[in-house]
Amino acid sequence: MENPSPAAALGRALWALLLATLGAAGLPRGGESVCSARAPAKYSITFTGKWSQTAFPKQYPMFRPPAQWSSLLGAAHSSDYSMWRKNQYVSNGLRDFAERGEAWALMKEIEAAGEALQSVHAVFSAPAVPSGTGQTSAELEVQRRHSLVSFVVRIVPSPDWFVGVDSLDLCDGDRWREQAALDLYPYDAGTDSGFTFSSPNFATIPQDTVTEITSSSPSHPANSFYYPRLKALPPIARVTLVRLRQSPRAFVPPAPVPPSRDNEIVDSASVPETPLDCEVSLWSSWGLCGGPCGRLGAKSRTRYVRVQPANNGSPCPELEEEAECVPDNCV
């Protein structure tokens, strides 16, 4: 058999390298599992807000605006794309969405990623929820090269707080997962330094990374999610994804989600109560010492309630205190 010429061998090697490069473009990075499911899959996604005054009594927004959720914006994508990630900086588009609920710039970023890297298969959205406890839903499609799902929902009102999912993989080897359900907790986008739901704009300079908000972090008593008696915050929302099955002959309803209070909107009586302790101001200065000459008089100081207790939290202490004194200007 005739040995191939050096030029032919080099040509074959370059061709193999090109095929390997093209094949790797759609594969997960960093040793992640490869999805080998053949046909695309459709899912329903249901977002359930659990932001109630019972579960989150501190500074709960009642008006201008009341507690609510923005529209849900998400994408089905490959590992080459990231909408947001904990401990990383958000994009300009996600900053606009987290701070003001403006989705245009984020949509353009998703579209650009899809065109440049073919890393985004589809974008999906769901309507806003006009209260803290409500539901919204949408449908989405994934395929084996784009089996990851990410989305964000803004907490309204808030400085730059949101909930969401980062790169949830709906593929399990050669098959699609029938359903997935996750509890959601608040995140800070790292672009605004406000502590409370209604804080005025106060840009974070330099910009910080995405951090999870917990019952003790930020560790400032003024923070709207600061509950030092809790080890962890209760979930503020929940997302459920259920695979949809369709047949040309008959419609097959989605696989039922096992009964669970976490997947339903329940009345306030069954929601775990988060205790809120009373918070008072510092004492005022002592008042003038009053009383008759030759005898001890009395002076007083006061403080006021900053946060009323709720859900069996610690009651408020005395708001007025008196002490004996020698009158300055006796009568």
Handout entry: Heavy atoms from other residues, nucleotides or ligands near CZ of Arg175 exceed 12 (cutoff 6.0 Å)
Key = no
Exercise for the section: Keeping the roles fixed (side chain from Ser224, backbone from Gln59), state whether a donor-acceptor pair exists under 3.5 Å. Expected result: no
Handout entry: Short N-O contact, Asp166 and Arg85, less than 4.0 angstrom
Key = yes
Exercise for the section: Could you tell me whether the side chain of Thr209 reaches within less than 4.5 Å of the side chain of Gln88, counting heavy atoms only? Expected result: no
Completion exercise
dist Lys231:NZ -> Ser216:OG (nearest 0.5 Å) comes out at 12.0 Å
Fill in the blank from the handout: Rounded to the nearest 0.5 angstrom, the NZ-CD distance for Lys50 and Gln135 is 11.0 Å
Handout entry: Exercise: identify the closest heavy-atom pair between Pro200 and Asp192
Key = O-OD1, 4.2 Å
Exercise for the section: Could you check Ile110 against Tyr81 for side chain to side chain contact (heavy atoms under 4.5 Å, CB included), going step by step and ending with a plain yes or no? Expected result: CA-CA 9 Å; Ile110 299 174; Tyr81 173 74; 3.2 Å; yes
Problem - Pairwise distance OG(Ser193) to CD(Gln207) - rounded to 0.5 angstrom - result: 10.5 Å
Completion exercise
On a heavy-atom basis, the closest approach of Thr204 and Gly190 is CB-O, 3.7 Å
Problem - Pairwise side-chain contact, His121 with His77, heavy-atom cut-off 4.5 Å (strictly under) - result: no
Exercise for the section: Kindly say whether Leu230 contributes a backbone atom to a donor-acceptor pair with the side chain of Ser215 at under 3.5 angstrom? Expected result: yes
Handout entry: Presence of salt bridge, Asp277 and Arg229, under 4.0 angstrom
Key = yes
Exercise for the section: Answer yes when Lys58 and Glu279 have at least one side-chain N-carboxylate O distance shorter than 4.0 Å, and no when they do not. Expected result: yes
Handout entry: Phe162 side, atom CZ; Asp188 side, atom CG - distance, nearest 0.5 Å
Key = 8.5 Å
Problem - Polar side-chain atom of Arg177 near backbone of Leu241 as donor-acceptor pair, under 3.5 Å - result: no
Fill in the blank from the handout: Of all heavy-atom pairs linking Val210 and Ala189, the shortest is CG2-O, 4.2 Å
Exercise for the section: Write down the atom of Asp80, the atom of Leu117, and the distance for their closest heavy-atom approach. Expected result: O-CD1, 4.3 Å
Problem - Check: Trp161 ring centre within less than 6.0 Å of Tyr187 ring centre - result: no
Problem - Pro235 side chain reached by Leu184 side chain, heavy atoms, under 4.5 Å - result: no
Handout entry: Validation row: Thr240, Thr48 side chains within 4.5 angstrom (heavy atoms)
Key = no
Handout entry: Test of ring centre spacing under 6.0 Å for Phe197 and Trp51
Key = yes
Problem - Geometric class of the Phe56/Phe225 ring pair [parallel <30°, tilted 30-60°, perpendicular >60°] - result: perpendicular
Handout entry: Charged N-O contact under 4.0 Å between Arg245 and Glu178
Key = yes
Handout entry: Atom of Thr274, atom of Pro57 and distance for their closest heavy-atom approach
Key = O-CG, 3.4 Å
Practice task
Mark yes when over 12 heavy atoms from residues, nucleotides or ligands other than Leu182 sit less than 6.0 Å from its CG; otherwise mark no.
Solution key: yes
Problem - Single-linkage hydrophobic cluster, 4.5 Å side-chain cutoff, Ile213 and Ile155 together - result: yes
Problem - Donor-acceptor pair, side chain of Arg303 and main chain of Leu282, under 3.5 angstrom - result: no
Completion exercise
Rounded to the nearest 0.5 angstrom, the CZ-CZ distance for Phe47 and Arg238 is 12.5 Å
Problem - Whether Thr136 side chain and Pro127 backbone form a donor-acceptor pair below 3.5 Å - result: yes
Problem - Side-chain (Gln68) to main-chain (Pro66) donor-acceptor, under 3.5 angstrom - result: yes
Handout entry: Side chain to side chain, Val326 and Leu296, heavy atoms closer than 4.5 Å
Key = yes
Handout entry: Side chain Trp176, main chain Lys42, donor-acceptor under 3.5 Å
Key = no
Handout entry: Ser70 side-chain N/O to Val153 backbone N/O, donor-acceptor pair under 3.5 Å
Key = no
Handout entry: Check: Cys278 and Pro315 side chains under 4.5 Å, non-hydrogen atoms
Key = no
Problem - Flag, side chain of Ser217 to backbone of Ser219, donor-acceptor distance under 3.5 Å - result: no
Handout entry: Over 12 foreign heavy atoms within 6.0 Å of CD, Glu324
Key = no
Practice task
First locate atom CG of Asn223, then atom OG1 of Thr196, and finally report the distance between them rounded to the nearest 0.5 Å.
Solution key: 8.5 Å
Practice task
Output, in order, the C-alpha distance, side-chain angles, deciding distance and verdict of side chain to side chain contact (heavy atoms under 4.5 Å, CB included) for Tyr304 and Leu319.
Solution key: CA-CA 6 Å; Tyr304 61 90; Leu319 301 179; 6.0 Å; no
Handout entry: Reference residue Val90; test side chain to side chain contact (heavy atoms under 4.5 Å, CB included); the match among Met83, Glu99, Arg95
Key = Arg95
Exercise for the section: Check whether any side-chain heavy atom of Tyr226 sits under 4.5 Å from a side-chain heavy atom of Pro218, and report yes or no. Expected result: no
Problem - Non-hydrogen atoms of Leu244 and Ser44 that approach each other most closely - result: CG-N, 3.8 Å
Exercise for the section: Quick one: do Leu170 and Ser147 satisfy side chain to side chain contact (heavy atoms under 4.5 Å, CB included)? Show the steps, please. Expected result: CA-CA 6 Å; Leu170 294 177; Ser147 62; 5.6 Å; no
Exercise for the section: Salt-bridge test for Glu212 and Lys86: reply yes if a basic N is under 4.0 Å from a carboxylate O, no otherwise. Expected result: yes
Practice task
Indicate, with yes or no, if Val163 and Leu168 share a hydrophobic cluster defined by side-chain heavy-atom contacts under 4.5 Å among Ile, Leu, Val, Met, Phe, Trp and Tyr.
Solution key: yes
Handout entry: In one Ile/Leu/Val/Met/Phe/Trp/Tyr side-chain cluster, 4.5 Å: Tyr89, Val152
Key = no
Problem - Derivation of the side chain to side chain contact (heavy atoms under 4.5 Å, CB included) call for Leu73 and Phe151 - result: CA-CA 5 Å; Leu73 182 60; Phe151 72 84; over 6 Å; no
Handout entry: Contact check, side chains of Ser125 and Ser71, non-hydrogen atoms, under 4.5 Å
Key = no
Problem - Whether Trp69 side chain and Gly132 backbone form a donor-acceptor pair below 3.5 Å - result: yes
